[in-house]
Novice: 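Got a structure for you, questions after.
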Amino acid sequence: MYWLLKSEPDEFSIQDLESKKQAPWDGVRNYQARNFIEQMTPGDRAFFYHSSCKSIGIAGEMEIVSAPYPDPLAINPKSAYFDKKSLNENKWLAIEVKHIQTYTQVLPLSKIKKIAETEPKMATFDLIKKGSRLSVMPVSSEQWQILSKLLS
DNA sequence: GCCAACGTTGGC
DNA sequence: GCCAACGTTGGC
């Protein structure tokens with residue numbers, strides 16, 4: 001399957017992932033996003049999306065390299081992502097991701113929205129739906145292909 | 001920094 | 001179970 005994962009580059013960027021090669025994708029604290037993580041399997045591909053920054057858009061590509069596992073940050077009192085309600089039963093999930101590619105240029109959100117105006121297969125993309133704040137979302141294979149073509 | 005849209009919480 | 005209040009996300 002294909003996915004899109006959002007991160008604020010100030011916190012964690014595609015460049016950070018590139019230098020680390022591999023890293024956990026953790027700290028997701030939204031049920032809908034969690035439920036998507038639950039469906040991930042090793043070998044899945046994902047776009048790395050930069051949000052809340054100067055250059056908003058798809059910045060690179062990565063691969064899911066682990067099965068979902070309980071997010072250790074949720075039960076770590078020192079973590080900013082600590083959730084004391086998870087101490088009894090950790091309900092949050094993380095996965096391990098591997099860097100595949102950093103695009104030479106970020107594919108801007110504005111361009112993705114433009115494409116959606118003429119490409120009906122893009123209309124269902126959660127990313128461009130008004131008010132969508134989902135940080136983990138599926139990408140259909142058609143959508144993946146359309147977007148990949150615009151990247152290098 | 002603003003604010004619209006959404007999710008969560010908690011009183012009733 | 002409703003819904004107001006609050007907190008958060010994220011584009012602009």
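All values reported here derive from a predicted model rather than from experimental measurement. Atom set for the values below is all heavy atoms of this structure, side chains included, hydrogens, waters and symmetry mates excluded. Numbers restart at 1 for each chain; the letters A, B, ... are given by sequence-line order, proteins then strands.
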Novice: If you look at every strand shown and take non-hydrogen atoms under 4.0 Å, does A:Lys129 touch a base, only sugar-phosphate, or nothing?
Specialist: nothing

Novice: Can you tell me how far CG of A:Asp83 sits from CG of A:Asn76, rounded to the nearest 0.5 angstrom?
Specialist: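 Between A:Asn76 CG and A:Asp83 CG, I get 12.0 Å after rounding to 0.5 Å.
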
Novice: Check every strand shown and say whether A:Ser51 touches a base, only sugar-phosphate, or nothing at a heavy-atom separation below 4.0 Å.
Specialist: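 Since only primed, P, OP1 and OP2 atoms lie under 4.0 Å of A:Ser51, the category is sugar-phosphate.
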
Novice: For atom NZ of A:Lys91, is the number of surrounding heavy atoms from other residues, nucleotides or ligands below 6.0 Å larger than 12?
Specialist: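 Result for NZ/A:Lys91: enclosed.
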
Novice: By the ring pair (Phe, Tyr, Trp, His ring centres under 6.0 Å) test, which pairs, at least two apart or in different chains, include something from residues 53-73 of chain A?
Specialist: none

Novice: Is the ring centre of A:Trp3 less than 6.0 Å from the ring centre of A:Phe48?
Specialist: no

Novice: Taking any atom under 4.0 angstrom from a heavy atom of chain A, which nucleotides of DNA chain B are the first and last to qualify, 5' to 3'?
Specialist: B:dA5 to B:dT9

Novice: As an exercise, state the distance from OG1 of A:Thr102 to CE of A:Met62, rounded to the nearest 0.5 Å.
Specialist: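 One gets 10.5 Å once the value is rounded to the nearest 0.5 Å.
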
Novice: Looking for any heavy atom pair under 4.0 Å, which part of the strands does A:Lys85 touch: base, sugar-phosphate only, or nothing?
Specialist: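 Here A:Lys85 touches the backbone only, sparing every base.
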
